Amino acid sequence: MNEYIVSVMALDRPGIVAAVSGAISRAGGNITHLSETILRGYFTIILSVEGPSTLTSNAIKADVESAGADGEFQVGVLPFHPTATVKMQNYAERFVLTMRCKDRKGVINHISHMLAQHGINIDDFYAYVVQGELIMVLEIGVTQGSDLAAITNEIQDFANESGISASLQHEDIFRATTELQAVLRLGDRK
Amino acid sequence: MPGKDNILSTVEMLQQEHLDVRAVTLGVDLFDCADREIDTVCRLVREKLQRTASALVPSCDEVSKKYGIPVVNKRIAISPAASVAAGHNEDGLRQLANTLDETARDIGVDFVGGFSAMVQKGMSSSDKMLIQSLPRVLSETSRVCASVNAASSRAGINMDALLLLGEMMLQAAANTADKDGFACAKLCIFANMPEDNPFMAGAVKGQGEPEAVVNVGVSGPGVVKRAVERLRQAGVMLTLADIAEEIKNTSFRITRTGELIGREVARLLDAQFGIVDLSLAPTPEIGDSVGEILNAIGISTIGGPGSTAALAMLTDAVKKGGTFASSSVGGMSGAFVPVAEDATLAKAVGDGYLTLQKLEAMTAVCSVGLDMIALPGDVSAETLAAITADELAIGVVNKKTTAVRLIPVPGKKAGETAVFGGLFGESPILDVLRSSADSFVRLGGRIPAPLQSLVN
């Protein structure tokens, strides 16, 4: 059995998921995971597809591209590597970094570079500008042995120098205040 | 992981709306420190507190950093001192109080509660000795807090204890006349005293509690006020039920925060997690006031018409949200109206809207009671006992906790200002009706427990 990770980007319209999933189905693939989002009118989807050993990445790419109008879908296909999920499970804890500042060039680059230097992976990143203010929410996985105090200090120093309001907090505070599950059970993660 | 909007609103709640954990209080059992020699008692108490509570402050700091939530006060509550030091004289009790004061300072906690006695049905000689030691204990130490349970729904009201306490309050106030009688701010007199209360001055480690237990007091007047304001500014048609619902939801989130912090601190200390006390505890800071919540609900001046009903709705909504959020809710859990500690309430007193009588009515529907009330310095012990008895009667009859923290301010009259400083705030001195209850109080004995049936 072959497994692939497929991404599709396009100008949003009704029917893209139907077209993409139809093409994958006709190629003999089965979608096992899917995440879709729309950003400023542009559609993007990432899927995990499994299929027979005869299913190739080129075939998937060609079939999905042909499911849209000429040049409508930008498609990428990578073979799935099973160690990816193992890596994710190595996270000791997850933290949320929220930042707000006046929008300007280079903030996202600076913060992501800082995290990369500490070997911290950004699992999820959401940023938007409202009335000239840049708001960022980053979910990061902190592995065992990461120097959280050093990271926190570095973020705070950068925030103070740049007039940014920043906070790094363990994810459980957000889960506790929004999920119905008892606080006692928050540790029982999947 | 919650949605982005939820994350951002939680961050806003933490950073801009004064959400903090007001008190993490570690209850420590001290009954195993009792001894005939007071030196031994003090040594055992010091050793036990150092052993059990030294990690309290570092643990709170660690958890606070992890979740980005300030823990404002770290405190210790001990088993009632009247029992721990039973049989010792006033000098012995003062020695114990000094030991507690010094140990609390060394550990880095701001208060240690539990210099307490349970006298609702009668005073033992040890209880009486403890009460008689209070004027010196409360004026000679800075961190020791005292409390006395002088009434309960099952025992009635111990008027002998209240008169003695009235006399001791006057002496304690006189001993700290240069600080407007501040010693009395560290004494709380209860009806139906909770044994798991994390808030000072009334925190004590009750007899039915574990060896070491972490109880948490959440704050949140600022958060609740902003939630109500936001709802009103949204421009949609609202009814009181919408306001109550919003308060309930906010209380849920506040309570969850408290439980998360409390459980983690307890785990680090190898102590049992006890309860979250839902009480909205104000500070003198602007934006952190129960009075301002009532303003936001639509009561223009606290003490004016509608104040009691609005406070009842607030307290009930807080309890409903909190009890849904956690199965470990306890302590006093309501809304505090400590006059000196709440700038809006203090102002309402100064403006003449909030009187002792109206406060008494308001405390019938909330916790805790007549709290941080500055009174004229020439008030008599009998009058103090009578005012206290009035408030405790509300608790006894309604099967709820009520507490009294009255501060007779030496040399000052109604309308002048008493200044206590810090979290204790300041307040205009309230007027006391010049009517004598001396003959009633001096009858002494006990007001019998109220009937538990025919409850209409």
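Since we're looking at a predicted model, the values are computed, not measured. The chains referred to below are lettered A, B, ... by the order of the sequence lines, with proteins before strands, and numbering in each begins at 1.
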Chemist: What part of Phe273(B) lies closer than 4.5 angstrom to a heavy atom of chain A: side chain, backbone, both or neither?
Modeler: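 Looking at Phe273(B), nothing touches chain A.
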Chemist: Tell me, side chain or backbone of Leu180(A) under 4.5 Å from chain B's heavy atoms, or both, or neither?
Modeler: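 For Leu180(A), backbone and side chain are both near chain B.
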Chemist: Under 4.5 Å, counting heavy-atom pairs only, tell me which of Lys66(B), Glu259(B), Lys65(B) racks up the most with chain A.
Modeler: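 Going by pairs under 4.5 Å, I would pick Lys66(B).
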Chemist: Could you tell me which portion of Phe252(B) (side chain, backbone, both or neither) has an atom closer than 4.5 angstrom to a non-hydrogen atom of chain A?
Modeler: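 Interface part for Phe252(B): side chain.
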Chemist: Quick one: does Ser326(B)'s side chain have a donor or acceptor within less than 3.5 Å of a partner on Thr323(B)'s backbone?
Modeler: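 Answer holds: no.
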Chemist: Return yes if some donor-acceptor pair links the side-chain N/O of Thr177(A) with the main-chain N/O of Arg253(B) below 3.5 Å, else return no.
Modeler: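 No; zero donor-acceptor contacts below 3.5 Å.
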Chemist: Can you name the one residue among Ile69(B), Val216(B), Val276(B), Val214(B) that meets side-chain contact (heavy atoms from CB on, under 4.5 Å) with Ile261(B)?
Modeler: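 For Ile261(B), the side-chain contact (heavy atoms from CB on, under 4.5 Å) check succeeds only for Ile69(B).
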Chemist: I would like to know whether Lys61(A) and Glu65(A) meet salt bridge (charged side-chain N to carboxylate O under 4.0 Å, His left out); could you show each step before the answer?
Modeler: CA-CA 6 Å; Lys61(A) 189 170 184 325; Glu65(A) 279 175 348; 2.8 Å; yes
